[in-house]
2 protein chains.
Amino acid sequence: MSEVDLRDLTEVDRLIHEPARLVITTILYTVKEADFTFLQRESGLTKGNLSSHLSKLEEAGYITIRKQFLEKKPQTLCAMTKTGRKAFEDYRDQFNQIMKHINGV
Amino acid sequence: MSEVDLRDLTEVDRLIHEPARLVITTILYTVKEADFTFLQRESGLTKGNLSSHLSKLEEAGYITIRKQFLEKKPQTLCAMTKTGRKAFEDYRDQFNQIMKHINGV
DNA sequence: ACCTTATGGTTTGTATTACAAACTAGTTTG
DNA sequence: CAAACTAGTTTGTAATACAAACCATAAGGT
């Protein structure tokens, strides 16, 4: 078993595969909730890119975005959904197989 | 050492990161030379996509494309260059680190 | 009071892309 | 000689990833 079919790679979840979002989802997978500025510091992305990547993850149902004011300043809080965690785990598992294949060359 | 900075992920070589090309380069890394139809069978890509991905890899200097006639039929032979092998190895090494990070969550 | 700067973002513009579908060129088969 | 097969390339298009411009509010400086 575990016959890794390289062709499966072309069906990898591109929403997570995209490097910027892989950074974001990896961070969000490990913390219950993270705010925009924290994510920006950790990811190194510009505000604009971070904003649009977060929107895409939200549209896909992978994260939830909650907005509030903290000490008179706007705050955007992001958290992974169950769907998002599952997608991340699937991607991780699939890519582990791929890397096993690649390393086993 | 080996402090994996997740942010480095955003600088990953997208020419190889793209799933279709990761399939192609993984195949080409293991064989000295492969023809178009073999690559198509192995990758599961359509001719059109395979053709354009190969062109991109060639433009990047990652592979060489050689054309000849075999039994009156055109044959396109692809082989990885030294540059391509290096790029593939760099990608592999970098992504192994990333996956270690992701798995170590 | 009013500029300037800082904070925390979103929207817009653009060049690149990845894919499918259409096309090309030559060959074999009926 | 027409239809179908082989081996690809080119074209059209919708989606993308990024940067740059923009917006709103708050806080300081003078």
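Reminder, nothing fancy here: chain letters follow the sequence lines and each chain counts from 1.
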Contact list for residues 11-22 of chain B, test salt bridge (Lys or Arg N to Asp or Glu O under 4.0 Å), sequence neighbours left out: A:Arg14-B:Glu18, A:Glu18-B:Arg14

Salt bridge (Lys or Arg N to Asp or Glu O under 4.0 Å) pairs touching residues 30-42 of chain B, sequence neighbours excluded, are B:Glu33-B:Arg66

What is the distance from [atom1] of [X] to [atom2] of [N], rounded to the nearest Å?
X: A:Lys72; N: C:dG9; atom1: NZ; atom2: P; answer: 18 Å
X: B:Glu59; N: C:dA18; atom1: CD; atom2: P; answer: 12 Å
X: B:Glu18; N: D:dA17; atom1: CD; atom2: C1'; answer: 14 Å
X: A:Leu70; N: C:dG9; atom1: CG; atom2: C1'; answer: 15 Å
X: B:Gln40; N: C:dC19; atom1: CD; atom2: P; answer: 14 Å
X: A:Gln68; N: C:dT7; atom1: CD; atom2: P; answer: 19 Å
X: B:Ile24; N: C:dA18; atom1: CD1; atom2: C1'; answer: 12 Å
X: B:His17; N: D:dA17; atom1: NE2; atom2: C1'; answer: 13 Å

Taken in chain and number order and not counting sequence neighbours, the residues that satisfy side-chain hydrogen bond (donor to acceptor under 3.5 Å, both in side chains) with B:His17 are A:His17, B:Tyr91

So, is A:Arg14 near the phosphate of C:dC19, with a side-chain N or O under 4.0 Å from OP1 or OP2? yes

What do the steps show when you test A:Leu28 against A:Leu39 for side chain to side chain contact (heavy atoms under 4.5 Å, CB included), and what is the final call? CA-CA 9 Å; A:Leu28 288 179; A:Leu39 284 174; 4.1 Å; yes

Taken in chain and number order and not counting sequence neighbours, the residues that satisfy salt bridge (Lys or Arg N to Asp or Glu O under 4.0 Å) with A:Lys86 are A:Asp90

Contacts of B:Arg85 meeting salt bridge (Lys or Arg N to Asp or Glu O under 4.0 Å) (sequence neighbours excluded), chain-then-number -> none

Could you pick out which residue, B:Glu71 or B:Leu45, lies toward the 5' side of DNA chain C when each is mapped onto its nearest nucleotide? B:Leu45

Quick one: do A:Phe95 and B:Phe95 satisfy ring pair (Phe, Tyr, Trp, His ring centres under 6.0 Å)? Show the steps, please. CA-CA 10 Å; A:Phe95 232 80; B:Phe95 233 80; 5.1 Å; yes

Nearest to side-chain heavy atoms of B:His53, which nucleotide of C:dA18, D:dT16, D:dC18: C:dA18

Where protein sits on nucleotides 1-15 of chain D, one letter per nucleotide: B base, S sugar-phosphate only, - none, heavy atoms under 4.0 Å: -----SBBBB-----

